[in-house]
Each structure stands twice: as C-alpha cells, then as structure tokens.
Number of protein chains: 2
Amino acid sequence: MLTHAAEDYLKSIYKLQEKGGKVSTGILAEYLDVKPASATGMVKKLKTMKLVRYERYRGVTLTDAGKAIALEIIRHHRLLELYLFTALGVPWDGVHDEAEKLEHVISEDVEARMDEFLGYPTADPHGAPIPDKNGVVTRTASIPMTDLQDGQSCVVAEVSDNDSALLRHIGSFNLYPGTAFSVIEVAPFEGPFTIDIAGQQVVIGREVAKQIFVDKVQDPDNV
Amino acid sequence: MLTHAAEDYLKSIYKLQEKGGKVSTGILAEYLDVKPASATGMVKKLKTMKLVRYERYRGVTLTDAGKAIALEIIRHHRLLELYLFTALGVPWDGVHDEAEKLEHVISEDVEARMDEFLGYPTADPHGAPIPDKNGVVTRTASIPMTDLQDGQSCVVAEVSDNDSALLRHIGSFNLYPGTAFSVIEVAPFEGPFTIDIAGQQVVIGREVAKQIFVDKVQDPDNV
DNA sequence: TATATAATTTAGCCATGCCTAAATTAGTTT
DNA sequence: AAACTAATTTAGGCATGGCTAAATTATATA
C-alpha cells in the first residue's frame, strides 16, 4: 500500500498535468505547499516504484500505473465531497478539506456503498467529473467565464474547489453548477462582469470569474 | 494536534484501564501489536504532554486530559461504526476496521451531523456505549454470558468488536444486542452453552460466550 | 537471603517525509 | 561564448514511531 504522501503527490501531478503541460518539481512543490527539495525526493521515490517517469531537470510524468492510482484517489475525493454534501449536509465550501483527509482512508467497500447511495453520480458539488471505478473520466469541454461576451447565456459547469472563501463568495450569488445566467455587460480593460441570475443583477470580479467554468447556451434567435 | 499513534495509545490505555486495573507497558504493547520497547517510548512522550502518569516499571494511568482525548476518540469510533452500519449498510463485522481508520480523521462538524442523523444514539452496533460530546459514558452493568445458569433468561447487551470472524459467527446465531434468549443447559466442566433463541436451539462454545455480555431478564414467576 | 526468571527499559538503528544550505544545471542575456 | 540568474538537485539534519539487542529491575523461588 502507498503512503498518504505518495498518493497526494500522484494526485497533484495528475491535476497539474491536466492544466498545463510539463510538471516541474518546483511547480509540484508549490502546489503541495512543500519545499522544492522535498518534491524532488518524493519524485525519485515514485520513480523507483514505476509510478512516474522522471529525468532530473526534465520534469515528471505519470506512468499508467501512477495515473490509475491518481484517478482512484480523485474518485475517492469527489465521491466523498458529494456524499458529505448530499447525505450529511456539509456546506460546499467545507467538503473539500474534509474529503482531503478521508480520501486516503476510505475502503473500496464503503466507497461502493456511497456510490450506490448517490445513484452513480458523474460530478461532485463543484461540478468536477467523478472518474468511474475503472478510472474513466467523462469531461465536458467547458469554457472559462472570462471568455464570455455581452449578452451570452450560459450555465455554470464547474468551479474551483480549493479556496473555501471563494466558494462561499460564489455560493452567495447562487452560482452553483447547473445554475443559468446571462452576461449583461463585460466592463472593458479586464473589468468585472455584470450578469443576470434569475432576474437578479450581480457584479462578478475578474479574479472570481477566472475560477468559474461554463457551458454556453445557444441563443434561440441565432440558431 | 496529536498524532494518530498517540491517539491510539490513549484509547488503548483507556480500554485496558476499564478491563483490568494496572496497565503495564507490556500489556499495552501486546494490545497494540507493537514491541514493548515501542510502547515504553510512546508512553514517555505522552507523559511529557501530561496526558498520562507514568513511573518506570510502575505502569501507566491516564490524566484527566488524556482521558478526555481517549473518550473523544472512542466517541468518534462508535458513532462511525453505527453510522456506517445504519446509513451505509456496512455489515457489523466490517465496521470496526473501517472506523479504526476514520476515527482519527473525521471533523467535529461531520461527527455532529452523523450524531444528529442517528438521533443522538447511546450505543454502537456491538452494544458498546457511545460517550456524549462531553465525554460522559452511561454504561449499564452487564454480566458475562459465562455467569449464566440453566434456565436463565436474558438479553444480549454487548459483544466484543475486535474480532471480525467472531462477529460473523455470533451474527450467524442472531445474537445481536437487544436479542433475547434463555439458557437451556450449561454443560459441566467449562463446557458449551445450549440456548434457545426465538425457538431455535443453538450451542455456543465457552470461548465465544466469554465475548458476549448480557442483561438478565427477571423471571416473572420469581418476582 | 541469594538467585533465577520474567518484565521493562535503554541504547542505537531504520524508513518516512519534511527542512535548510550549498552545489549544480539550465536558460537567458550581453 | 561567457556570464548571470533562476530553477533544481544534493547533502545533511530533524521528528515520528517503529525495530532489535543488551542492560536493568522486579518478582518469585529455592
């Protein structure tokens, strides 16, 4: 069995691989809030276990075995988030930290029971996809809210889950995944977004908008 | 915050204190499946934290602070057992090992939510009492099944939870806490017990009976 | 009371996973 | 191409919590 630390490293490498391309030990260290030297050390250990590819100064890549473990942990995490949210009513800005601790400890049996209870869901409370038992991720191609133009209608698809204060803020506008809204005006010079949610007019700062991903709704008039 | 290991030691000292009187480092080591030298080392560390009293060769005792932590962990453990059993249908011979891992990791918030969901219960699936948030344990004075005589009627109060094979065995006879039965015959010379459960006649070995605790039911004829 | 036996403690070692500080390598600039 | 800067790696240290082996203390026995 792997240590919790090793699992966290694999999960982080996977997530960083998704976002950008190359994953350096430095980026990894920053993401994990650890000194670069520590990341280098662990990456070497993961290499001996054949869970990552790594040449010094060249960055890290997951092997198939490493990716499988990363996806398993991510599945644990997201199922736990949804379970805590749905079954126990933990607020959505609290589920991440809680799941972060539980994900390394929950058994496959309990996970399967939560999965069944939830009706085999495909997304967590922040809209992130839940990999299935075989590690298959079905991701819908959402776009960042910052790409939207005036007048565009859309639905919230996903929101970054690692900043609890940000989640409370976003939640206060009801911008949960599945919520529809339309852009009234995008202020020029990297300014804020004024949007309409269920008739309410709300101003969303640029930095916040960067953390929100949406699916465009085709304007019926333009079909 | 304490380490998981330290929490396990405190919990074990508490349980051993309950059963017998003096808790030696040797007994503690055996209970935790660790070498005696390791137990001595941890006990010394716990002493510097003022969580135990300890003089070399004299055994260990919990301080009030140590006892409070032990009870908190035990509360986590038993609430988790009952939650897993009730909400997720984990079989009663599986909940112990699962709770053993989760008890160190669950937040007070999630615990409070499980407690509420369960209706503020006072016993886990094995009949062990669940301490309240203030660490108050309300224990009913049950007797070992081995103390029973021919013809005695009683109700299962509690069953040891740490041997999963034993629990499956006991479960196969339906000897769950709350189940009533009467003793048909106790075989002489430390022999097995023949009992009647809901009309079924069942033979229970001495070693198994030692792990079962019961409340006597007053025979109406003898009142 | 002296001694044998059993329990306990001490001393010293190992792996994990973090750290700091120093050395090295890569990449960029002149 | 040389040199400077920034990233990365190496070297060595620390705390945790196990372990073994040797020394010590307690206890029971002769």
Visitor: Please state how far atom CZ in A/Arg58 lies from atom C1' in C/dA26, giving the value in whole angstrom units.
Guide: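 Distance, rounded to whole Å: 9 Å.
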Visitor: For B/Leu28 and C/dT8, give me the distance from atom CG to atom P, rounded to whole Å.
Guide: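 Atom CG in B/Leu28 sits about 10 Å away from atom P in C/dT8.
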Visitor: For residues 47-82 of chain A, pull every pair meeting ring-ring contact (aromatic ring centres under 6.0 Å, His included), keeping only residues two or more places apart or in separate chains.
Guide: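 Only A/His77-A/His96 qualify under ring-ring contact (aromatic ring centres under 6.0 Å, His included).
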Visitor: In B/S/- notation, 5' to 3', how is nucleotides 15-22 of chain C contacted by protein heavy atoms closer than 4.0 Å?
Guide: -SSSBB--
Visitor: Answer yes when A/Glu116 and A/Arg113 have at least one side-chain N-carboxylate O distance shorter than 4.0 Å, and no when they do not.
Guide: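 Here A/Glu116 does not pair with A/Arg113 in a salt bridge, since their nearest N and O are not under 4.0 Å apart.
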Visitor: Rounded to the nearest Å, what distance is computed from the CD atom of residue B/Glu55 to the P atom of nucleotide C/dA7?
Guide: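 Spelled out: CD on B/Glu55 to P on C/dA7 is 22 Å.
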Visitor: Report yes if a donor N or O on one partner sits less than 3.5 Å from an acceptor N or O on the other, where the partners are the side chain of B/Tyr57 and the base of D/dT24; otherwise report no.
Guide: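 Answer yes: a donor N or O sits under 3.5 Å from an acceptor.
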Visitor: Does B/Ser24 have a side-chain nitrogen or oxygen under 4.0 Å from the phosphate oxygens OP1 or OP2 of C/dT8?
Guide: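 Yes, because at least one side-chain N or O of B/Ser24 sits under 4.0 Å from OP1 or OP2 of C/dT8.
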Visitor: Between P on C/dT9 and NZ on B/Lys47, what's the gap in Å once rounded to a whole number?
Guide: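 Nearest whole value for this atom pair: 11 Å.
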Visitor: Using atom NZ of A/Lys22 as one end and atom C1' of D/dA7 as the other, report the distance to the nearest whole Å.
Guide: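 Taking atom C1' of D/dA7 as the reference, NZ of A/Lys22 is at 16 Å.
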Visitor: Does this structure show an ion pair linking A/Glu108 with A/Arg75, if we count only N-O contacts that are shorter than 4.0 Å?
Guide: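 Salt bridge: no.
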Visitor: Do A/Val156 and A/Tyr176 make a side-chain contact, defined as non-hydrogen atoms from C-beta onward lying under 4.5 Å apart?
Guide: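 The answer is no; the side chains never approach within 4.5 Å.
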Visitor: OP1 or OP2 of C/dA7 sitting under 4.0 Å from any side-chain N/O of B/Thr25?
Guide: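 So the side chain of B/Thr25 is outside the cut-off, no N or O lying under 4.0 Å from OP1 or OP2 of C/dA7.
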Visitor: Once you round it to whole Å, what is the distance between P of D/dA7 and OH of A/Tyr54?
Guide: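 About 16 Å, once rounded to whole Å.
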Visitor: With rounding to the nearest 0.5 angstrom, report the OH to CG distance, B/Tyr9 to B/Leu62.
Guide: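 B/Tyr9 atom OH to B/Leu62 atom CG measures 14.0 Å (nearest 0.5 Å).
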